Number of protein chains: 2
Amino acid sequence: MATIEDVAKAANVSMSTVSYVLSGKRTISADTRLRVEQAIRKLGYRPHAGARALAMSKTHIIGLVAPLRAGVDVNVILQFVAGIATRARERDHDVLLLTQDDADSIARAAQTSMVDALVVMDVESDDPRLETLESVRQPVVLIGLPHDPRGLSCIDLDFEKVGQRAAEHLIEGGHRRIALIGAPEEVRKRHTSYADRMLHGLSTACRAADAEWTYQPTPSSGSGAAASVDAVLKRMPEVTALMVHNEVALPHVISHLQTLGLRVPEDISLIALAPGSVIDALARPVTGIDLPAERIGRLAVDTVLGDDDAEVRLLQPVLTDRGTTRHLT
Amino acid sequence: MATIEDVAKAANVSMSTVSYVLSGKRTISADTRLRVEQAIRKLGYRPHAGARALAMSKTHIIGLVAPLRAGVDVNVILQFVAGIATRARERDHDVLLLTQDDADSIARAAQTSMVDALVVMDVESDDPRLETLESVRQPVVLIGLPHDPRGLSCIDLDFEKVGQRAAEHLIEGGHRRIALIGAPEEVRKRHTSYADRMLHGLSTACRAADAEWTYQPTPSSGSGAAASVDAVLKRMPEVTALMVHNEVALPHVISHLQTLGLRVPEDISLIALAPGSVIDALARPVTGIDLPAERIGRLAVDTVLGDDDAEVRLLQPVLTDRGTTRHLT
DNA sequence: CTGAAAGCGCTTACAG
DNA sequence: CTGAAAGCGCTTACAG
């Protein structure tokens with residue numbers, strides 16, 4: 001590999017001049033610039049990332065903490081990742097993937113100065129990684145909202161409002177018995193922040209309107225989805241509306257309702273929370289709230305790279321009516 | 001951040017001694033070692049990754065080239081990634097995620113010495129990235145098998161044998177009309193290597209036995225899966241066996257067959273290629289060939305980090321009979 | 001407009 | 001068993 005010294009020699013200038021041609025941090029005569037640029041091209045020179053990081057104390061690498069846990073929705077995860085990776089490159093950064101589920105691996109990446117910033121996914125209400133994250137020199141952004149963010153930046157969909165908005169929409173339509181078909185049980189068990197918040201929003205709105213609600217964790221499989229629907233119907237026979245917050249289960253819920261002879265929305269209303277792409281891919285789109293995962297990923301990068309110093313930023317849910325909720329007379 | 005110099009001062013030794021205590025590359029008196037270790041702990045010292053990379057010409061980072069393309073199976077992708085990331089950490093390496101779909105971004109990561117090695121996913125039969133990969137100083141392993149690997153290491157399931165094995169299993173059972181429910185159309189269109197190879201194996205085996213076969217690309221959605229089954233039944237009404245190579249479509253294919261009143265295996269035989277976890281999650285497991293994505297990911301890391309210098313390594317398919325293929329009398 | 005040199009934080013031959 | 005110093009490949013004050 002050619003070094004900056006090789007280029008300097010080939011162009012008959014000093015190393016500093018080559019460096020400044022590259023960085024544009026001082027004015028260079030047209031003639032010199034040309035010679036340097038030619039030498040760079042001829043030698044196929046690229047600055048050594050490690051050397052540059054050492055000299056500048058900047059790695060141009062963002063650490064992405066993405067534990068691959070049971071029950072997570074891979075589709076949604078990958079949308080977050082896509083948003084983060086794309087935006088990072090647009091801003092001349094790379095992404096270091098940290099999949100280990102412990103605070104130590106975060107500490108390691110941060111303390112060895114491998115990364116300039118950290119984006120953390122799959123945040124729990126009382127996340128054990130927070131202490132480490134707080135102690136780290138680099139800026140951090142959480143995708144999610146713990147009970148106590150401890151001054152860390154957070155960005156997420158406002159899941160509390162999602163639950164609330166969905167419930168209100170149904171309640172306004174006269175519904176009094178609502179079931180939430182949620183994420184797989186593991187997700188709730190570890191108090192993944194969005195599951196907690198969503199349920200809280202929904203239950204609060206229901207209580208305020210004196211409506212009944214029930215919560216049904218649901219495995220991400222066809223049979224699990226069907227079983228969940230059955231369980232709900234058994235527990236709450238008079239249920240008139242289903243809110244589905246489980247992207248994988250969603251199509252299976254729909255087909256199982258069909259199998260049971262329950263028409264949507266005549267017999268039962270349906271409202272979903274899922275990425276727009278998932279809703280669009282359904283044979284028949286459903287009324288729902290978009291989960292803008294890719295956009296959140298992009299915003300996370302912007303936040304952590306500093307031009308957004310928003311402490312806690314919660315995107316407001318937008319409900320799109322596609323006719324799968326019925327107005328009960 | 002404390003530096004090695006800080007540690008040296010605190011322990012009253014030279015920098016080199018600290019370095020050697022850390023690396024274990026020379027013998028240190030028990031006394032000295034103790035003082036150094038205490039100083040390290042007290043200062044919370046961690047060697048600066050960039051400085052180390054510069055001095056050793058080793059970053060301990062593996063570049064993972066994983067373009068997030070349309071039609072890819074996110075579940076399978078994430079299993080590869082999990083295998084790669086886990087194995088990398090076991091071997092004291094980190095993973096840099098390169099999602100951009102062009103040769104330039106590979107060249108950049110390699111030429112700036114950001115990575116020690118490259119693992120490349122989603123390889124096409126005639127992959128345009130091969131030229132760049134060939135020119136790179138770092139070792140490379142492809143997950144997939146292009147027509148001409150140009151001396152690069154390759155590791156993958158032997159998809160040709162998968163197609164062949166599945167076809168033979170069915171042909172031995174007396175089947176003469178076989179349909180392959182494949183990946184989404186985009187995957188085949190860009191000649192993703194596994195799709196090409198699978199189809200080739202299947203068609204060759206069918207031709208050899210004078211059996212009919214048809215290929216049906218299939219979108220990864222419920223309605224797409226159903227439409228594909230319908231299309232196959234229309235084109236080949238006498239079809240007696242379906243081979244499904246589309247993890248997302250698989251459950252929908254099964255439920256659509258049920259809707260159509262076709263019993264498995266009495267009316268139609270079913271064989272799948274999917275990760276074991278996906279097959280296990282089905283309400284009723286199907287006869288199939290396991291796609292050991294996580295294992296391949298791990299092997300890719302071992303290969304590229306050097307103890308496996310296997311040029312081309314194709315894992316042999318194992319067919320597990322779970323009773324969803326019928327022996328036609 | 002350009003160059004010589006210090007410094008970023010490590011590792012590792014070279015000496016003793 | 002240990003230390004002083006060169007070197008890895010950059011950037012950026014300092015000088016001119």
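In this text, all values refer to a predicted model and were calculated from it rather than measured experimentally. Protein chains get the first letters and strands the later ones, always in sequence-line order, with residue 1 at the start of each. Computation of the quantities below employed the complete heavy-atom set of this structure, encompassing side-chain atoms and omitting hydrogens, waters and symmetry-equivalent molecules.
- Of the side-chain N and O atoms in B/S14, one or more sit less than 4.0 angstrom from OP1 or OP2 of D/dG3.
- The pair B/R33-B/E37 counts as a salt bridge, with a side-chain nitrogen and a carboxylate oxygen less than 4.0 angstrom apart.
- Among the heavy atoms of the strands lying under 4.0 Å from B/S19 is at least one base atom, whether or not backbone atoms are also near.
- For B/T27 and D/dC1, the shortest distance from a side-chain N or O to OP1 or OP2 is below 4.0 Å.
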Watson-Crick and G-U pairing of DNA chain D written in dot-bracket, each distance under 3.5 angstrom, with | for inter-strand partners: |||.||||||||.|||

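- When the side-chain hydrogen bond (donor to acceptor under 3.5 Å, both in side chains) test is applied to B/R295, no partner is found at least two apart in sequence or on another chain.
- Look at CE on B/M114: it is 17 Å from C1' on D/dC8, rounded to the nearest Å.
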Using nucleotides 13-16 of chain D, report all nitrogen or oxygen pairs with the protein that are shorter than 3.5 Å.
residue, atom, partner, partner atom, Å
D/dA13, N7, A/Y20, OH, 3.4
D/dA13, N6, A/Y20, OH, 3.4

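- For A/V18 and B/M56, each mapped to the nucleotide of DNA chain D holding its nearest heavy atom, the one lying further toward the 5' end belongs to B/M56.
- In this structure, B/I4 atom CD1 and C/dT12 atom P are separated by 11 Å, rounded to whole Å.
- B/R33 comes within contact range of no nucleotide atom at all, as no heavy-atom separation falls under 4.0 Å.
- The nucleotide whose nearest atom lies closest to any side-chain atom of A/T32 is, among D/dT2, C/dT2, C/dT11, C/dT2.
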